[in-house]
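Report on the following structure.
Ligands are counted one by one from 1 in listed order, and the atoms in each one are counted from 1 as well.
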Amino acid sequence: MVSVEVVRGDITAENVDAIVNAANSSLRGGGGVDGAIHRAAGPRLAEAGGALAPCPPGAAVATPAFDLDPPIRHVIHTVGPVWHGGTRGEPELLASCYRASLRVADELGARSVAFPAISTGVYGYPPDAAARIAVDTVLTTPTEVERVRLVAFGADTYELLSAALRSRTE
Ligand code: AR6
């Protein structure tokens with residue numbers, strides 16, 4: 001059974017086999033967590049990502065981690081939904097990001113994976129609803145991954161993810 005932890009920090013400093021990137025469909029980089037991961041991994045990440053693009057919302061693909069510090073060996077790029085009010089399949093697409101990323105992690109043999117709060121920045125997904133989907137989906141998806149870390153960059157996200165995890169596990 002997967003162990004899920006909520007932590008606060010920069011995902012590029014995580015001590016895991018694979019980190020998940022909240023990318024856009026070009027897989028060539030962008031702002032937010034995508035920008036931070038591309039800066040840390042170096043320019044080869046955009047080349048490798050671009051070769052796999054376009055990636056539709058809800059899907060996930062992997063590249064090497066290039067210049068990211070070990071033990072991170074893989075970057076799993078997933079494209080979250082842009083929030084349009086919740087009526088365009090956003091919840092299902094967001095859950096699909098977490099499920100597809102875990103499936104890719106299984107294919108890679110990754111046993112520890114860190115996720116950012118996908119879609120809750122530029123893409124505008126309400127962070128409380130997104131936190132519940134993140135926690136529910138990682139707890140209910142069958143996977144060989146042993147350790148999932150939900151990485152919050154800010155205090156508000158940390159509180160929302162922690163509350164969602166408490167309500168699922170207490
Ligand atoms: N480590 C962990 N989390 C972070 C970091 C970091 N270093 N930096 C930001 N976050 P966003 P999205 C948090 O906007 O909403 C990009 O331009 C951030 O505080 O990065 O899925 C892509 O190229 C927020 O909680 O991703 C796409 O075009 C969360 O990561 C678009 O933004 C997600 O915010 C994707 O938008």
Side-chain angles (χ1 to χ4, degrees), residues 4-43 45-63 65-69 71-72 74-86 88-102 104 112-135 137-138 147-165:
V4 180
E5 304 158 275
V6 174
V7 297
R8 189 164 171 204
D10 174 0
I11 202 166
T12 65
E14 280 289 300
N15 201 19
V16 290
D17 297 333
I19 61 173
V20 175
N21 183 17
N24 61 65
S25 62
S26 82
L27 304 182
R28 289 191 176 277
V33 69
D34 194 12
I37 291 172
H38 276 263
R39 278 192 297 281
L45 191 66
E47 267 174 52
L52 300 172
C55 181
V61 293
T63 64
F66 298 109
D67 299 339
L68 280 156
D69 287 333
I72 302 173
H74 312 283
V75 176
I76 299 171
H77 307 259
T78 190
V79 180
V82 177
W83 180 256
H84 289 290
R88 298 199 200 168
E90 294 96 324
E92 179 49 37
L93 285 169
L94 186 60
S96 174
C97 288
Y98 288 90
R99 274 197 304 272
S101 297
L102 289 171
V104 170
S112 51
V113 178
F115 284 91
I118 299 162
S119 281
T120 65
V122 173
Y123 281 179
Y125 206 109
D128 49 347
R132 289 193 294 272
I133 288 174
V135 167
T137 310
V138 297
R147 202 159 57 91
V148 165
R149 287 167 64 84
L150 299 175
V151 180
F153 202 50
D156 292 357
T157 301
Y158 179 82
E159 291 307 328
L160 290 168
L161 285 168
S162 299
L165 185 59

Practice item. Identify, by atom number and element, the atoms of ligand 1 in contact range of Asp10, meaning under 4.0 Å from any of its heavy atoms. Key: 1 (N), 6 (C), 7 (N)
Name each donor-acceptor pair under 3.5 Å that joins a side chain in residues 115-126 to protein atoms two or more places apart or in another chain, with its distance.
unit_1: Ser119; atom_1: OG; unit_2: Pro81; atom_2: O; d: 2.8
unit_1: Thr120; atom_1: OG1; unit_2: Ala117; atom_2: O; d: 2.8

Check your understanding: Do Val6 and Tyr158 touch side chain to side chain, with heavy atoms closer than 4.5 Å?
Key -> yes
**Study point:** Listed once per pair and sorted, the salt bridge (Lys or Arg N to Asp or Glu O under 4.0 Å) pairs that draw on residues 89-100, sequence neighbours left out
**Key:** Glu92-Arg99
Review point. Are any of the heavy atoms in Gly80 under 4.0 Å away from ligand 1?
Key: no
Practice item. Taking the side chain as every heavy atom from C-beta outward, state whether Val4 and Leu150 have any pair of such atoms under 4.5 Å apart. Key: yes
Exercise for review: Looking only at protein heavy atoms, identify the closest one to atom 15 (O) of ligand 1 and say how far it is in Å.
Suggested key: Gly121 N, 2.8 Å
Review point. Could you walk me through whether His77 and Thr63 pass the side-chain hydrogen bond (donor to acceptor under 3.5 Å, both in side chains) check?
Key: CA-CA 8 Å; His77 307 259; Thr63 64; 2.9 Å; yes
Check your understanding: Hey, which atoms in ligand 1 end up nearer than 4.0 Å to a heavy atom of Ala22?
Key -> 21 (O), 22 (C), 26 (O), 35 (C)
**Study point:** Proximal atoms of ligand 1 relative to Gly30 (non-hydrogen, under 4.0 Å)
**Key:** 17 (O), 23 (O)
Practice item. May I have the step-by-step check of side-chain contact (heavy atoms from CB on, under 4.5 Å) for Ile19 and Val113, ending in yes or no? Key: CA-CA 6 Å; Ile19 61 173; Val113 178; over 6 Å; no
Point to revise | Nearest-neighbour protein heavy atom for atom 16 (C) of ligand 1, which is reported as residue plus atom name and distance | key: Gly31 O, 3.4 Å
Revision key, fill the gap. If you scan protein heavy atoms around atom 25 (O) of ligand 1, the nearest is Thr120 OG1, 3.1 Å
Review point. What is the nearest protein non-hydrogen atom to atom 21 (O) of ligand 1, stated with its residue, atom name and distance?
Key: Ser119 N, 2.8 Å
Check your understanding: Of all the heavy atoms in Thr12, does at least one lie under 4.0 Å from an atom in ligand 1?
Key -> no
Point to revise | 4.5 Å side-chain heavy-atom contact, Arg132 and Thr137 | key: no
Review point. Does ligand 1 have any atom sitting under 4.0 Å from a heavy atom of Gly9?
Key: yes
Review point. What's the shortest distance from atom 1 (N) of ligand 1 to any protein heavy atom, and which residue and atom give it?
Key: Ile11 N, 3.0 Å
**Study point:** Nitrogen or oxygen atoms of Val122 and ligand 1 under 3.5 Å apart
**Key:** yes
Review point. Which residue supplies the protein heavy atom nearest to atom 33 (C) of ligand 1, what is that atom called, and how far is it?
Key: Ala117 O, 3.3 Å
Revision key, fill the gap. A student comparing Phe115, Tyr158, Phe153 should find that the heavy atom closest to atom 5 (C) of ligand 1 comes from Phe153
Revision key, fill the gap. Closest heavy-atom approach to atom 9 (C) of ligand 1 among Asp34, Val33, Val82 is made by Val33
Revision key, fill the gap. Between the CG atom in Asp67 and the CD1 atom in Ile72, the distance rounded to the nearest 0.5 Å is 12.0 Å
Check your understanding: For ligand 1, which atoms sit closer than 4.0 Å to a heavy atom of Ala36?
Key -> 7 (N)
Practice item. Considering heavy atoms of the protein only, find what lies nearest to atom 36 (O) of ligand 1 and give residue, atom and distance to 0.1 Å. Key: Tyr123 CG, 3.4 Å
Point to revise | Min side-chain heavy-atom separation Asn15-Pro71 under 4.5 Å | key: yes
Study note, to complete from the structure: One should read off an interatomic distance between Asn21 CG and Ser101 OG, to the nearest 0.5 angstrom, of 9.5 Å
Check your understanding: Any idea which heavy atoms bring Val151 and Gly9 closest together, and the distance?
Key -> CG1-O, 3.4 Å
